[in-house]
Amino acid sequence: MAAKVSYDAVEVGAELPAQSFPVTRATLVRYAGASGDFNPIHWNERFAKEVGLPDVIAHGMFTMAEAIRVVTDWAGDPAAVVEYGVRFTKPVVVADDDEGAVIEVSAKVAAKLDDEARTVRVDLTAMSAGQKVLGMSRAVVRLA
C-alpha cells in the first residue's frame, strides 16, 4: 500500500474527516488480552476507585491508537505515518453501562514539512466527555 493523498493537493489548514470511537468495558478487556496489559485500573472498578480514579479508564496506548486512525484512514496507508507522539492529559473514563465512553478525534494539516520527502505534520485533537484526553498529539505523514 501507499498513501493515497497527494502532497501537492494538500493545503495547510485542511481538516481531516473527524471520527468518533466508542469504548466499552468489553473493548478494554479485548485490548488487555491483545496487548498483555492487565493492569486492574482498566477493568476493575473497585481497584480503580481505590487508587483514586473516578472509574475504570481506557489504556493510554489504546486511546493513542484510536486517535491515529483518523490519520491512517485519511492517508490510505498506516505505513504513511512515519512519526507519532502524544502527551496523555486526561484519562478516558469508561462507565459500566451500555454506552461506555466515546473518543472524538479531529485533525488538520498543520504544516508541509519537506517537499522532497513529501511529508506533512498533522495535529490531532482527541476529546472524551468534553475533556481533551491527548495533548501535543502530532503525526508526520509521508504522502503520495
Side-chain angles (χ1 to χ4, degrees), residues 1-45 47-48 51 53-144:
M1 288 177 74
K4 296 178 182 175
V5 176
S6 168
Y7 177 84
D8 297 327
V10 169
E11 294 184 22
V12 172
E15 293 186 14
L16 283 60
Q19 293 187 51
S20 295
F21 303 100
V23 186
T24 64
R25 296 279 179 94
T27 308
L28 299 182
V29 169
R30 286 192 298 274
Y31 182 81
S35 69
D37 181 352
F38 293 101
N39 186 325
I41 64 173
H42 302 304
W43 56 270
N44 184 315
E45 184 174 336
F47 183 86
V51 298
L53 295 168
D55 208 330
V56 165
I57 62 170
H59 303 73
M61 296 303 287
F62 172 82
T63 303
M64 188 177 174
E66 290 291 80
I68 198 64
R69 287 176 56 191
V70 168
V71 177
T72 60
D73 288 354
W74 169 73
D77 180 8
V81 176
V82 295
E83 185 178 317
Y84 178 46
V86 306
R87 288 193 181 154
F88 300 107
T89 56
K90 299 277 184 189
V92 175
V93 179
V94 182
D96 188 13
D97 58 21
D98 293 335
E99 295 179 24
V102 176
I103 303 168
E104 299 170 357
V105 183
S106 60
K108 70 177 182 176
V109 176
K112 285 188 154 187
L113 301 176
D114 185 341
D115 288 347
E116 188 173 319
R118 304 181 73 75
T119 55
V120 298
R121 189 185 87 219
V122 176
D123 292 352
L124 297 93
T125 301
M127 307 281 292
S128 184
Q131 295 190 17
K132 194 172 185 180
V133 296
L134 298 176
M136 298 294 292
S137 184
R138 295 179 173 172
V140 174
V141 184
R142 180 170 290 117
L143 300 178

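Rounding to the nearest 0.5 Å gives a distance of 11.5 Å between CD of Glu99 and OG1 of Thr24. Expressed to the nearest 0.5 Å, how far CD of Glu83 lies from OG1 of Thr119 amounts to 9.5 Å. Note that CG of Asn44 and CG of Leu53 are 11.5 Å apart. Values are rounded to the nearest 0.5 Å. Here the NZ-OG1 distance, from Lys132 to Thr125, works out to 5.0 Å after rounding to the nearest 0.5 Å. The CZ atom of Arg138 sits 9.0 Å away from the CZ atom of Arg87 when rounded to the nearest 0.5 Å.
In this structure, Pro22 and Thr27 approach most closely via the heavy-atom pair O-OG1, 4.5 Å. Val122 and Ala107 get closest at one heavy-atom pair: CG1-CB, 3.7 Å. A pairwise comparison of heavy atoms in Ser20 and Glu104 identifies OG-CG, 3.7 Å as the closest pair. Val94 approaches Val23 most closely through the heavy-atom pair CG1-O, 3.6 Å. Lys90 approaches Gln131 most closely through the heavy-atom pair CD-OE1, 3.1 Å. Nearest heavy atom pair, residue Asn39 against residue Phe47, reads OD1-CE2, 4.4 Å.
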Working for side-chain contact (heavy atoms from CB on, under 4.5 Å), residues Met136 and Val86 = CA-CA 5 Å; Met136 298 294 292; Val86 306; over 6 Å; no

Any chance you could lay out the side-chain contact (heavy atoms from CB on, under 4.5 Å) test for Lys4 and Asp77, step after step, and finish with the verdict?
-> CA-CA 7 Å; Lys4 296 178 182 175; Asp77 180 8; over 6 Å; no

Would you sort out whether Val56 and Leu28 count as a side-chain contact (heavy atoms from CB on, under 4.5 Å), showing the intermediate values?
-> CA-CA 9 Å; Val56 165; Leu28 299 182; 3.6 Å; yes

Step-by-step side-chain contact (heavy atoms from CB on, under 4.5 Å) determination, Phe21 to Val70 = CA-CA 10 Å; Phe21 303 100; Val70 168; 4.1 Å; yes

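Between Asp55 and Arg25 there is a salt bridge, since a side-chain N of the basic residue sits under 4.0 Å from a carboxylate O of the acidic one. The pair Glu11-Lys112 does not count as a salt bridge, with every side-chain nitrogen at least 4.0 angstrom from each carboxylate oxygen.
A donor-acceptor pair is defined here as one N or O able to donate and one able to accept, closer than 3.5 Å; no such pair exists between the side chain of Asp8 and the backbone of Val10. A distance-only check finds no donor-acceptor pair linking the side chain of Ser137 to the backbone of Leu134 [under 3.5 Å]. Checking side-chain atoms of Ser128 against main-chain N and O of Val92 turns up no donor-acceptor pair under 3.5 Å. In this structure a side-chain-to-backbone donor-acceptor pair under 3.5 Å is present from Arg118 to Ala144.
Side-chain contact between Val82 and Val141: absent, with no pair of heavy atoms (C-beta onward) separated by less than 4.5 Å. Side-chain atoms of Arg121 and Val109, non-hydrogen and from C-beta on, never get closer than 4.5 Å to each other. Side-chain contact between Thr63 and Ile103: present, with at least one pair of heavy atoms (C-beta onward) separated by less than 4.5 Å. Side chains of Val71 and Val81 form a contact here, defined as non-hydrogen atoms less than 4.5 Å apart.
Listed by first and then second residue, the ring pair (Phe, Tyr, Trp, His ring centres under 6.0 Å) pairs involving residues 57-103 are Tyr31-His59, Tyr31-Phe62, His42-His59 (not counting sequence neighbours).
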